[in-house]
Amino acid sequence: MLSWGGAYERAQQAALFAPYTAATGRPVAVEQYDGGLDELRRAVADGEVPWDLIDMTRSEAMAACEQGLLEPLSSSLLAPAPDGTPAEEDFLPDAFGRCAITHSVFATVVAYRTDAFPGRRPTVIGDLFDQRRFPGPRALQDTPAVNLEWALLSYRVPLEELYRLLSTRRGLDLALERLDELEEIQWWEAGDTPPRLLAEGKVVMASGYNGRFFDAMVNRGAPIAILWDGQVQEHETWVIPRGSPHPEAAREFLRFATTTERLADLARHIPYGPARRSAAVRVTTHAETGVDMRLHIPTHPLNAERALVKDETWYARTLARIQALFRDWRKSRESREPE
């Protein structure tokens with residue numbers, strides 16, 4: 001199994017891995033990664049794939065499927081809801097791809113230190129780029145995704161126009177110019193890095209996954225808060241890599257881990273929205289602290305008022321070109337920074 005480590009993996013351990021082992025007697029061995037397809041591409045090319053299942057964002061799953069790196073998956077392997085509703089009717093309408101099955105919806109958001117800006121707090125995503133009113137270093141994920149969207153939102157580009165504008169050179173230049181205006185950026189790759197940087201006071205605002213920030217706030221008492229404006233929602237999926245050594249065992253685990261009971265329990269450990277309607281209505285309180293988890297899930301109406309759903313088809317089609325452009329911009333920026 002390949003997953004994301006940190007608070008997310010701890011939640012999976014409590015809600016999925018340990019119950020699966022208890023039910024079947026089969027242990028689940030987990031390795032960590034920070035996303036990306038390079039490692040999978042090399043493993044498939046070498047014919048030495050060490051994983052049976054990977055927890056992968058849908059945009060990367062779509063790209064990996066197109067490149068022939070994944071096994072096809074069918075919704076027929078999933079369990080029905082407790083009331084007998086077929087899985088095809090119980091899951092979100094767009095939960096099933098040719099090679100991936102969505103299990104949760106998470107969001108990339110901005111969080112900030114609550115003690116960093118006396119008398120005022122960031123309220124809109126454009127405040128991420130306003131270092132006059134909200135001074136201090138930022139931490140951003142080292143990827144074009146989400147950063148480009150937020151940069152254009154800071155110009156008040158309507159949500160429905162974002163990807164059309166990003167499909168043009170003018171839109172990409174506008175986004176990179178906005179990012180260039182930030183005086184100090186610490187780039188991160190691992191999901192646990194931004195809440196740590198905020199908690200240690202090394203940055204005052206950071207992008208990151210809403211579940212990781214929740215863990216830092218609720219479980220570790222970090223003085224941070226989430227800015228939900230401009231949150232970018234994305235599907236998290238299960239995929240089976242091509243050449244998996246035990247594909248049938250992977251399918252058995254996938255069926256277990258996507259039942260109504262398991263998805264509802266996962267959302268009691270980390271606030272990611274279950275992909276099944278029958279699981280979403282069962283989300284209640286945090287398993288340890290009693291916090292109402294419904295208020296911390298990205299799809300809650302109060303949080304989703306200005307949410308953007310990541311256009312994963314656009315990213316699957318443009319990922320290589322956009323990443324190359326982003327890397328070139330990063331190198332150019334670094335060459336201009338004082339030594």
Side-chain angles (χ1 to χ4, degrees), residues 1-4 6-24 26 28 30 52-58 61 73-97 99-107 191 209-212 214-215 218 233-240 249-289 291-301 303-304 309 312:
M1 172 90 61
L2 196 57
S3 189
W4 299 81
Y8 180 59
E9 188 180 316
R10 289 195 295 275
Q12 289 183 312
Q13 182 65 38
L16 307 181
F17 304 155
Y20 177 76
T21 299
T24 66
R26 297 176 182 171
V28 178
V30 186
D52 293 312
L53 205 60
I54 302 177
D55 192 294
M56 185 178 282
T57 62
R58 188 167 66 171
L73 285 175
S74 169
S75 60
S76 63
L77 70 88
L78 302 177
D83 65 358
T85 301
E88 291 84 353
E89 299 175 22
D90 192 33
F91 273 75
L92 298 174
D94 50 355
F96 305 120
C99 306
I101 293 175
T102 297
H103 59 77
S104 302
V105 177
F106 71 98
Y209 308 131
N210 74 288
R212 307 296 180 114
F214 173 88
D215 177 70
V218 173
Q233 294 181 5
E234 187 169 4
H235 287 208
E236 193 66 22
T237 73
W238 289 117
V239 303
I240 298 177
R251 289 185 176 88
E252 180 187 276
F253 175 84
L254 198 159
R255 179 182 174 89
F256 176 87
T258 54
T259 59
T260 296
E261 180 186 15
R262 289 302 99 213
L263 289 184
D265 196 37
L266 181 65
R268 295 193 64 214
H269 290 83
I270 196 162
Y272 293 154
R276 303 187 74 132
R277 295 180 179 87
S278 60
V281 298
R282 294 184 178 208
V283 177
T284 55
T285 55
H286 187 247
E288 297 173 359
T289 64
V291 169
D292 188 342
M293 296 298 275
R294 293 170 295 185
L295 299 176
H296 296 274
I297 287 176
T299 49
H300 188 285
N303 301 331
V309 177
E312 291 152 332

Nearest heavy-atom pair of [X] and [Y]: which atoms, and what distance?
{"X": "A267", "Y": "V283", "value": "CB-CG2, 3.7 Å"}
{"X": "N303", "Y": "P298", "value": "CB-O, 3.8 Å"}
{"X": "A100", "Y": "A61", "value": "CB-CB, 3.8 Å"}
{"X": "A249", "Y": "Y20", "value": "O-OH, 4.2 Å"}
{"X": "H269", "Y": "A287", "value": "NE2-CB, 3.6 Å"}
{"X": "A257", "Y": "L16", "value": "O-CD2, 3.9 Å"}

Do the side chain of N210 and the main chain of F106 share a donor and acceptor less than 3.5 angstrom apart? no
Using only atom types and a distance under 3.5 Å, with no angle test, would you say the side chain of D55 pairs donor to acceptor with the backbone of W4?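 Between the backbone of W4 and the side chain of D55 there is no qualifying donor-acceptor contact (under 3.5 Å).
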For H296, check ring pair (Phe, Tyr, Trp, His ring centres under 6.0 Å) against everything at least two apart and list the hits. F214
Partners passing ring pair (Phe, Tyr, Trp, His ring centres under 6.0 Å) against F91 (at least two apart in sequence or in another chain):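 By the ring pair (Phe, Tyr, Trp, His ring centres under 6.0 Å) rule, F91 matches F96.
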Just how far is it from atom [atom1] of [X] to atom [atom2] of [Y], taken to the nearest 0.5 Å?
{"X": "L78", "Y": "I101", "atom1": "CG", "atom2": "CD1", "value": "4.0 Å"}
{"X": "D83", "Y": "T260", "atom1": "CG", "atom2": "OG1", "value": "8.0 Å"}
{"X": "E88", "Y": "S74", "atom1": "CD", "atom2": "OG", "value": "7.5 Å"}
{"X": "L263", "Y": "T102", "atom1": "CG", "atom2": "OG1", "value": "11.0 Å"}

Just to verify, what does [X] make a salt bridge (charged side-chain N to carboxylate O under 4.0 Å, His left out) with, not counting sequence neighbours?
{"X": "E252", "result": "R26"}
{"X": "R282", "result": "none"}
{"X": "D265", "result": "R262"}
{"X": "R255", "result": "none"}

Looking only at the side chains, is there a donor atom on one of D90 and T85 sitting less than 3.5 Å from an acceptor on the other?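 Looking only at side-chain atoms, T85 and D90 do not form any donor-acceptor pair under 3.5 Å.
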Which residues pass the side-chain hydrogen bond (donor to acceptor under 3.5 Å, both in side chains) test with [X], sequence neighbours left out?
{"X": "T284", "value": "R268"}
{"X": "R58", "value": "H235, E312"}
{"X": "S3", "value": "Q12"}
{"X": "D292", "value": "R294"}

My understanding is that only residues two or more places apart in sequence, or in another chain, count here; which of them pass side-chain contact (heavy atoms from CB on, under 4.5 Å) with E261?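 T259.
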Apply side-chain contact (heavy atoms from CB on, under 4.5 Å) to T289 and list each qualifying residue two or more places apart in sequence or on a separate chain. V218, N219, H286, V291
Checking side-chain contact (heavy atoms from CB on, under 4.5 Å) between V105 and each of E236, Q233, E234, which is the one that passes?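 Result: among E236, Q233, E234, Q233 is the only option passing the side-chain contact (heavy atoms from CB on, under 4.5 Å) with V105.
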Side chain to side chain contact (heavy atoms under 4.5 Å, CB included) between W238 and M1, intermediate numbers included: CA-CA 10 Å; W238 289 117; M1 172 90 61; 3.5 Å; yes
Between F253 and F17, how do the two ring planes meet: parallel, tilted or perpendicular, split at 30° and 60°?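 The arrangement is tilted - the two ring planes meet at 30° to 60°.
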Between Y272 and Y209, does the ring-ring contact (aromatic ring centres under 6.0 Å, His included) criterion hold? Intermediate values first, please. CA-CA 10 Å; Y272 293 154; Y209 308 131; 7.8 Å; no
